[in-house]
Amino acid sequence: MNEPGSEAPGVTLRHHYIIRFRTGLREYTACADSAGFRRGDLVMVQLEQGLEPATIGGRIFALAPSGKQADCPEIVRLATEDEERQLQLVLMQEQEAFSFCQEQVEHLQLIMHLVRVERFFNGSKIIFYFTAENRVDFRELVKLLVQQYRTRIEMRQIGVRHETQMLGGLGACGRELCCSTFLNEFDSVSIKMAKAQDLPLNPAKISGICNRLLCCLTYEYDSYKTMKRQMPKIGRVIRVNGISYQVTQQHPLAGSLSVTGPDGSHKTLREEEWRQSEEENAAAGARSQDPQEAAGEERTSPPPPRQGRRRRRTPSK
């Protein structure tokens, strides 16, 4: 058996790395044939617009290749010293472009919020990300930006979730935001998911920095549905040790039930208690069907068909 990270004879492994194109921004996965890249290395990654510098965050796994993955950026090589200096220049140009664009937005009195500026490493294009409640006529702004930078300008309007993804931050759990680290796309989140997990329906507790429902509500939603489906439903009456209880609440993670007795008392049933009662009730229901009674029911003739109302004949004249 080969050691982790080693390659079998005659097999070239595809190594997957975590990379970031800018400090503090979201993480991506990139592929390479080499396992020699280390955390913190500045590498050149092949993208549609050309080579872009990125920082290695770590190696996650290696797979035997079945062809080049189209959705996985390719790490070409380590960055040279000249490329490292050029990256610092690009970062300064992005900050300068952000300040210049912000001044023009205020001058033109445009109702928009500038979020971030991204300049391609080869200088062929600059993207300005912004948020706005309505559509913005930024044609005059684009003219000023083109005159200033003499390159392609793109104004890209984004939503509040994408804004939070770009800016990053810490969530209520104390960890870095999911959207700024590993989430590739935003799934739809509904209040139904919070109800299924018995979470408090307080917007302050189930909303993220973007003031939208937490993305992590989708992580365990399917598991909660599966566990609750295997438990007695709320409102159902179950018998435990000869006493009837009504289910008032389910606790899927603990496997227990909150029930109310016939005298109004509240009690918590452990999983083994209510499961044993389910088995006993099922067995009792099977024994209650007497074979002789079942045979007698089969011999019983069906009721006679209902006769229709006879039509009264009128005498002929």
Side-chain angles (χ1 to χ4, degrees), residues 20-28 47-50 52 54 87-173 175-194 201-218:
R20 279 186 174 179
F21 292 101
R22 297 290 188 272
T23 302
L25 299 185
R26 60 169 298 191
E27 297 175 342
Y28 295 88
L47 299 178
E48 294 181 359
Q49 65 268 20
E52 288 286 340
L87 173 61
Q88 298 303 319
L89 179 61
V90 169
L91 295 177
M92 294 176 59
Q93 291 173 344
E94 288 179 350
Q95 295 177 1
E96 190 273 334
F98 185 94
S99 301
F100 178 80
C101 183
Q102 187 64 41
E103 293 176 359
Q104 302 306 317
V105 168
E106 295 175 358
H107 175 71
L108 297 173
Q109 297 182 353
L110 299 178
I111 305 176
M112 56 184 290
H113 173 65
L114 191 62
V115 178
R116 187 165 68 89
V117 176
E118 176 184 331
R119 185 185 182 98
F120 286 0
F121 190 67
N122 56 14
S124 61
K125 187 177 183 180
I126 304 178
I127 304 176
F128 294 84
Y129 297 92
F130 70 94
T131 59
E133 295 183 359
N134 302 308
R135 296 187 63 180
V136 180
D137 185 4
F138 46 73
R139 288 176 294 181
E140 191 65 28
L141 176 62
V142 171
K143 291 180 182 179
L144 296 174
L145 294 174
V146 171
Q147 294 175 1
Q148 178 72 15
Y149 298 106
R150 300 296 179 180
T151 187
R152 293 173 57 197
I153 300 296
E154 179 181 348
M155 304 297 298
R156 186 174 299 180
Q157 185 173 355
I158 60 175
V160 290
R161 286 194 171 186
H162 288 89
E163 178 186 9
T164 305
Q165 182 185 55
M166 290 184 175
L167 298 178
L170 298 178
C173 59
R175 297 180 63 88
E176 195 171 356
L177 295 177
C178 299
C179 59
S180 62
T181 51
F182 62 89
L183 283 184
N184 295 323
E185 57 184 15
F186 294 105
D187 295 329
S188 59
V189 188
S190 64
I191 197 67
K192 178 182 178 181
M193 297 179 178
L201 302 182
N202 185 349
K205 293 185 177 180
I206 60 176
S207 299
I209 298 178
C210 58
N211 291 327
R212 298 294 187 270
L213 291 175
L214 291 166
C215 294
C216 55
L217 293 179
T218 63

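Starting from 1, each residue takes its place in the sequence as its number.
Contact annotation: the side chain of Met155 approaches that of Val142 to within less than 4.5 Å [non-hydrogen atoms, C-beta and beyond]. Looking at heavy atoms from C-beta onward, Met166 lies in side-chain contact with Ile158 at the 4.5 angstrom threshold. With contacts defined as side-chain heavy-atom distances shorter than 4.5 Å, the pair Cys101/Leu141 qualifies. Using a 4.5 Å heavy-atom threshold, the side chains of Ile206 and Ile191 count as touching. Residues Ile153 and Gln147 form no side-chain contact, since every pair of their non-hydrogen atoms from C-beta on lies 4.5 Å or further apart. Within the 4.5 Å cutoff, side-chain heavy atoms of Arg22 are placed close to those of Leu91. Here the side chains of Glu52 and Phe120 are in contact, with some heavy-atom distance below 4.5 Å. Within the 4.5 Å cutoff, the side chain of Phe138 has no heavy atoms near those of the Phe128 side chain.
Not a single donor-acceptor pair under 3.5 Å links the side chain of Glu118 to the backbone N or O of Ile127. Side-chain atoms of Gln104 do not come within 3.5 Å of backbone N or O of Leu145 as any donor-acceptor pair. In terms of modelled atom types and a separation under 3.5 Å, the side chain of Thr151 and the main chain of Ser124 share a donor-acceptor contact. Although no hydrogens or angles enter the test, the distance criterion places a donor-acceptor pair under 3.5 Å between the side chain of Glu94 and the main chain of Arg119.
Once rounded to the nearest 0.5 Å, the distance linking CG of Leu177 with CD of Gln165 reads 10.0 Å. One finds the CD atom of Glu163 at 11.0 Å from the CD1 atom of Ile209 (value rounded to the nearest 0.5 Å). Note that CG of Leu170 is 10.5 Å distant from CZ of Arg175, once rounded to the nearest 0.5 Å. Separation of atoms CG (Leu167) and SG (Cys210) is listed at 11.0 Å; rounding is to 0.5 Å. Distance check, rounded to the nearest 0.5 Å: CD of Glu154 to CD1 of Ile126 gives 11.5 Å. Considering NE2 of His113 and CD of Gln157, their distance stands at 12.5 Å, rounded to 0.5 Å.
We find that Glu176 and Arg20 are joined by a salt bridge, their nearest charged nitrogen and carboxylate oxygen being less than 4.0 Å apart.
When all heavy atoms of Leu114 and Val117 are compared, the pair lying nearest together is CD2-CG2, 4.5 Å. Considering all non-hydrogen atoms of both residues, Ile111 and Ala132 come closest at O-CB, 3.7 Å.
Counted within 6.0 Å of CG on Leu201, heavy atoms from surrounding residues, nucleotides or ligands total more than 12; the atom is thus considered enclosed.
Exactly one of Tyr129, Phe186, Phe130 qualifies for a ring-ring contact (aromatic ring centres under 6.0 Å, His included) with His162. That residue is Phe186.
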Step-by-step side chain to side chain contact (heavy atoms under 4.5 Å, CB included) determination, Leu47 to Phe121: CA-CA 11 Å; Leu47 299 178; Phe121 190 67; over 6 Å; no
